[in-house]
Peer 1: 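Please read through the structure below; I'll follow up with questions.
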Number of protein chains: 2
Amino acid sequence: MPPYPSTASPLFTYEYPRPAVTVDAVVFGLDSRSVLHVLLIRRGSKPHLGSWAVPGGFVELDEDLEVAARRELLEESGVHVTYLEQLYTFGKPGRDPRGHVISVAWYALVRTIDHTPVADTDATEVQWHSMDDLPELAFDHSEMVTAAHKRLQAKVCYAPVGFDLLPPKFTLRQLQQLYEGILDRPLDKRNFRRKVLAMNLLVDTDEVEQRVRHRAARLYRFDHQKYNSLALNGFIFDI
Amino acid sequence: MPPYPSTASPLFTYEYPRPAVTVDAVVFGLDSRSVLHVLLIRRGSKPHLGSWAVPGGFVELDEDLEVAARRELLEESGVHVTYLEQLYTFGKPGRDPRGHVISVAWYALVRTIDHTPVADTDATEVQWHSMDDLPELAFDHSEMVTAAHKRLQAKVCYAPVGFDLLPPKFTLRQLQQLYEGILDRPLDKRNFRRKVLAMNLLVDTDEVEQRVRHRAARLYRFDHQKYNSLALNGFIFDI
DNA sequence: TCAAAAGTGTTGACGGTACACCCATGT
DNA sequence: ACATGGGTGTACCGTCAACACTTTTGA
């Protein structure tokens with residue numbers, strides 16, 4: 001085992017052993033019925049070999065934390081995330097049997113989870129699991145998923161992050177089902193539609209959904225540009 | 001320089017060098033005129049020797065992150081915090097000239113800042129600085145303070161954390177000035193009083209403030225017990 | 001023609017905001 | 001007596017919640 005390698009400055013002394021640092025990401029997606037799912041991998045190495053876990057891994061030296069999170073997601077599950085936000089840093093001694101491991105947890109949103117191609121390096125299996133039927137998870141990953149879900153529930157109410165779970169063009173029904181799935185409660189259809197349309201941030205594309213066996217719904221897209229300029233002037237998205 | 005020491009499990013390999021991990025804490029307090037202040041230390045060592053910075057330091061192996069934050073606060077500034085919450089983890093390469101240093105930032109509230117005794121180990125000087133007159137700070141600490149302030153502004157609106165900045169018994173005026181100082185905007189006196197009293201979480205102590213040269217205001221205390229039991233049933237504090 | 005979802009308004013309750021004066025106290 | 005802040009009520013307005021029927025479409 002080589003001595004601990006040097007970094008940029010000679011002033012940096014190595015009297016103290018360092019904890020290891022990982023990043024883990026709780027990835028949310030919706031299936032075609034707008035049901036909220038979480039991406040899990042089956043661990044291909046010890047500890048917790050064979051258990052389900054959230055994708056993640058060690059941060060490399062001089063690697064940005066967000067870059068590390070994206071790299072691990074790509075390596076372990078091949079998903080393309082549309083939204084990524086830091087969640088919380090878990091560092092309780094004993095959370096990893098290998099020693100002191102500090103994990104910077106993130107949560108991410110992806111657009112659609114039907115037919116997601118999955119790569120794997122460390123993971124033997126990658127799978128979407130419905131939020132209301134999750135298996136036991138390795139380490140403290142259940143806690144991470146719970147925290148991420150709460151954060152998402154709070155955030156969709158005051159920021160337009162939900163759109164990152166939908167395709168660029170979507171129906172009002174899809175949007176409402178998304179909110180109902182995330183908030184885990186029913187919403188009134190008329191009130192919901194009135195409220196979201198009143199913000200004037202949805203653009204009617206003059207297209208309708210295809211191949212449905214009922215009256216086809218209009219497709220809307222979210223006007224990110226307009227939202228951004230409004231947000232600069234203190235506008236607050238609110239559902 | 002000794003080789004990097006071993007941890008619990010032999011499975012834990014040391015092929016990769018690890019970033020260092022620190023904790024830093026943005027500590028808020030009010031002066032006697034209810035003006036929001038931040039606790040800063042003047043750095044007594046390189047890098048940024050002589051610059052103002054937020055108190056913090058390296059996490060020890062197998063030390064819990066919150067414990068580390070409290071330890072550093074005690075060592076560097078001797079303050080007793082009444083509230084401590086994790087804020088964000090900063091890990092951009094280059095944020096510390098010594099090498100890759102990941103900082104888990106916290107924010108804390110203390111009750112009163114008049115005549116605060118200050119100890120120091122690494123710090124040559126410890127001082128409260130008014131939020132609207134902050135010096136340049138070392139590293140990315142300005143960013144930390146800004147993030148902490150935003151978080152505090154958001155949090156006082158939906159959680160009773162502001163009371164951790166006040167003495168156990170306080171006047172409604174103090175409470176209002178606290179909110180005005182944190183939110184940085186004036187509030188209507190009658191509406192504010194009606195709203196906070198309507199929550200039925202303030203207990204009139206039947207005492208009044210002393211040694212004031214005007215009509216003495218009633219002193220209230222916040223009923224933490226009642227709040228906790230209400231919160232369990234879904235009650236949400238709201239200012 | 002049936003099944004399924006799209007689309008559409010009104011009312012009542014509640015909470016937020018705006019606003020000004022008299023009172024108690026210490027100097 | 002004066003300066004300083006303590007303490008109080010009402011009216012208007014906007015927002016939210018509750019609620020049901022007709023229309024369109026594909027099978």
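Computed from heavy atoms alone, side chains included, the values below leave out hydrogens, waters and symmetry copies. First the proteins, then the strands, lettered A, B, ... as listed; each starts at 1. Computed from a predicted model, the values in this text were never measured in an experiment.
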Peer 1: With sequence neighbours excluded, give me every ring-ring contact (aromatic ring centres under 6.0 Å, His included) pair touching residues 186-221 of chain A.
Peer 2: A:Tyr179-A:Phe192
Peer 1: If you look at every heavy atom in B:Val54 and B:Leu40, which pair is closest and at what distance?
Peer 2: CG2-CD2, 4.1 Å
Peer 1: Could you give the CZ-to-C1' distance, from A:Phe192 to C:dA6, as a whole number of Å?
Peer 2: 15 Å
Peer 1: Whole Å only: how far is the CD atom of A:Gln176 from the P atom of C:dA6?
Peer 2: 9 Å
Peer 1: Is B:Arg213 near enough to D:dG5 that one of its side-chain N or O atoms lies under 4.0 angstrom from OP1 or OP2?
Peer 2: no
Peer 1: How does protein contact run along nucleotides 7-15 of chain D, one letter per nucleotide 5' to 3', with B for base contact, S for sugar-phosphate only, - for none, heavy atoms under 4.0 Å?
Peer 2: BBBB-----
Peer 1: Check side-chain hydrogen bond (donor to acceptor under 3.5 Å, both in side chains) between A:Trp52 and all other residues, then give those that pass, not counting sequence neighbours.
Peer 2: none
Peer 1: Nearest heavy-atom pair of B:Thr171 and B:Ala217: which atoms, and what distance?
Peer 2: CG2-CB, 3.8 Å
Peer 1: Taking the six-membered ring for Trp, are A:Phe163 and A:Phe170 closer than 6.0 Å centroid to centroid?
Peer 2: yes
Peer 1: Taking atom C1' of C:dA6 as reference, at what distance in whole Å does atom CD of A:Gln177 sit?
Peer 2: 13 Å
Peer 1: Separation of B:Glu209 atom CD from C:dG26 atom P, in whole Å?
Peer 2: 11 Å
Peer 1: In whole Å, I'd like the distance from the CZ atom of B:Arg211 to the C1' atom of D:dT4.
Peer 2: 18 Å
Peer 1: Within this structure, what is the CD-to-C1' distance between A:Glu180 and C:dA5, rounded to whole angstrom?
Peer 2: 14 Å
